[in-house]
Amino acid sequence: MTELRESVRRLVVVGASLAATHAVQEARRLGFEGSIAVIGDEPHPPYDRPPLSKQFLTDTDVPEPEPLLNVDALDVKLMTSTVATGLDGRERRVHTSAGDVPYDVLLIATGSEPRQLGLGDGLEGVTTLRTAGESLAIRSRLEPGARVVVVGAGFIGGEVASSARARGADVTLVEALPLPLDAAVGSLVAERLAMLHRQYGVDLRTRTTVRSIDGGDAVEKVTLSDGSVLDVDLVIVGIGVEPSTAWLRGAGVSINNGVSCTPYLESTVPDVYAAGDVARWINPWNGRSTRLEHWTATGEQAEVAVRNALGTERTECSIVPYFWSDWYGHRLQMLGEPADEVELTVAGGATDPFLAQYRYDGQLVGGFSLDQTGPLMKRRRAIAARASWEDVLNGTERTPSP
């Protein structure tokens, strides 16, 4: 069992999120008996966000997301509908809309906020998708024949397009880049994903942007950069996110597209840590400054951060990136990171299973699969070790020398 710091009696987590859930659970697992407070700006207790763009949109019988955190069993003070407005690292207090909250150690887990398109503001039927409330509003409008425009063909855009098609909506997917997810998976894989969208009846418009979104009280038309004008009932904007750090201005916390952290996930303010979408840290796996927006990374980071915050010994947070998505009944998964050199094993058509393996400097650094979970996971250890590409292909993989 980890030896805990005797001086720490108050753990505060800002952000009622998946990271908060893992942090609280890990603290109690370690034997921490002090007070724990979780501060969240939504009215809900922590819940899972990935289903909001998938099952939650298609299953109309689910009234609201399942809560993740059992506050009674874990003896947690949950402050919902409470906005963090500032941080005093010297006095160790979080300023909130409900008053100051003192802490001994603090975990920043405020996540991220959707980027705004800056068009169609105030029109009913124009929305982003980040919260349960936004997901419910979208779900109420998805029906057979609904005319839906999804702006941004990233993972959220792909999931929303898939869910809308499952509900019988007509979907136009607008992407400024030449291919969907080009930067995240590489052009060879991105070409396959473009084919997948079109195979399921999505009107995918690449190299295209939105010029205007118009209507009276509600959205009616979208004008695209290719000159086309679309009649629409719903516009969902998914053009990426920004880490939620505005409340930390003037607190002495270094911000660089996220809270800048050491490999231990500690910020520039003593005893203030970060985890999840909001954290940018030096990832020992690849030695680079990294910010991940993935479900698995969030949980791992929160647990490492809490162990480092509460314990007398510290460990680095080394993470092999992993994410998954579900489009049109197919499972998309990625391990590691993309690279320019890639081997793509394709079975045939757009919806057939395939496995891509990425090579960098003679090492296997990543893999992407469509409905090929087994073959991809067999590469997990090799990718984590950045094993020799040739050894992997020959079945004689070994860990590269340090």
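Basis for what follows: all heavy atoms, side chains included, without hydrogens, waters or symmetry-related copies.
For His95 and Trp247, the ring centers sit 6.0 Å or farther from each other. Checked against the 6.0 Å centroid threshold, Tyr200 and His330 count as a close aromatic pair.
Taking the six-membered ring where tryptophan is involved, the planes of Trp324 and Trp295 are perpendicular, since the angle between them exceeds 60° and thus also 30°.
Remark: the backbone N or O of Trp389 is not paired with any side-chain donor or acceptor of Gln363 at under 3.5 angstrom. Listed for the Ser225 side chain is a donor-acceptor partner under 3.5 Å among the backbone atoms of Thr209. A donor-acceptor distance shorter than 3.5 angstrom exists from the side chain of Arg280 to the backbone of Asn256, with no hydrogens or angles considered. Side-chain atoms of Thr110 do not come within 3.5 Å of backbone N or O of Gly15 as any donor-acceptor pair. Using a distance-only test at 3.5 Å, with no hydrogens or angles considered, no donor-acceptor pair links the side chain of Thr82 to the main chain of Gly40.
The cationic group of Arg165 does not satisfy the cation-pi geometry with Tyr328, failing either the under 6.0 Å distance to the six-membered ring centre or the 45° limit from the ring axis. Because its NZ or CZ atom is not both nearer than 6.0 Å to the ring centre of Tyr103 and within 45° of the ring axis, Arg9 does not count as a cation-pi partner of that residue. Under the 6.0 Å distance and 45° angle rule, Arg386 counts as a cation-pi partner of Trp285.
Rounding to the nearest 0.5 Å gives a distance of 5.0 Å between OG1 of Thr208 and CG of Asp226. In this structure, Leu204 CG and His197 NE2 are separated by 6.0 Å, a value rounded to the nearest 0.5 Å. Distance check: Leu142 CG to Ile236 CD1 gives 6.0 Å after rounding to the nearest 0.5 Å. In this structure, NE2 on His294 lies 10.0 Å from CD1 on Ile319, to the nearest 0.5 angstrom. Note that the OG1 atom of Thr60 and the CG atom of Leu136 stand 11.0 Å from one another [nearest 0.5 Å].
With respect to the salt-bridge test (charged N to carboxylate O, under 4.0 angstrom), the residues Lys221 and Asp231 qualify. Glu33 has no carboxylate O lying under 4.0 Å from a charged side-chain N of Arg28, or vice versa, which leaves the two without a salt bridge. A salt bridge links Glu42 with Arg49: the distance from a Lys NZ or Arg NE/NH1/NH2 to an Asp or Glu carboxylate oxygen falls below 4.0 Å. One finds no salt bridge joining Arg93 and Asp88 here, because no Lys/Arg side-chain nitrogen approaches an Asp/Glu carboxylate oxygen to under 4.0 Å. The pair Glu343-Arg359 does not meet the salt-bridge criterion, since no charged nitrogen lies less than 4.0 angstrom from a carboxylate oxygen. Of the charged side-chain nitrogens involved, none lies within less than 4.0 Å of a carboxylate oxygen, so that Lys54 and Asp48 do not count as a salt-bridged pair.
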Could you go through Arg331 and Ser325, starting from their C-alpha distance and side-chain angles, then the distance that decides it, and tell me whether this counts as side-chain hydrogen bond (donor to acceptor under 3.5 Å, both in side chains)?
CA-CA 6 Å; Arg331 173 57 57 96; Ser325 189; over 6 Å; no
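No more than 12 heavy atoms of other residues, nucleotides or ligands lie within 6.0 Å of OH in Tyr360, so this atom counts as exposed by the packing criterion. Around the CZ atom of Arg207, the shell of radius 6.0 Å holds no more than 12 heavy atoms that belong to other residues, nucleotides or ligands.
Of the residues Thr315, Val105, Thr262, the one that meets the side-chain contact (heavy atoms from CB on, under 4.5 Å) test with Asn308 is Thr315. Screening Asn286, Val304, Asn283 against Ser318 for a side-chain contact (heavy atoms from CB on, under 4.5 Å) leaves a single residue, Asn283.
With hydrogens and angles left out, the side-chain atoms of Gln333 and Tyr322 include a donor and acceptor closer than 3.5 Å.
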Please list every donor-acceptor pair under 3.5 Å in which a side-chain atom of residues 125-134 meets a protein atom from a residue at least two apart or in another chain.
residue: Thr128; atom: OG1; partner: Glu134; partner atom: OE2; Å: 3.0
residue: Arg130; atom: NE; partner: Ser112; partner atom: O; Å: 3.3
residue: Arg130; atom: NH2; partner: Ser112; partner atom: OG; Å: 3.0
residue: Arg130; atom: NH2; partner: Asp277; partner atom: OD2; Å: 3.0
residue: Thr131; atom: OG1; partner: Glu134; partner atom: N; Å: 3.2
residue: Glu134; atom: OE1; partner: Arg130; partner atom: N; Å: 2.6
residue: Glu134; atom: OE1; partner: Thr131; partner atom: N; Å: 3.1

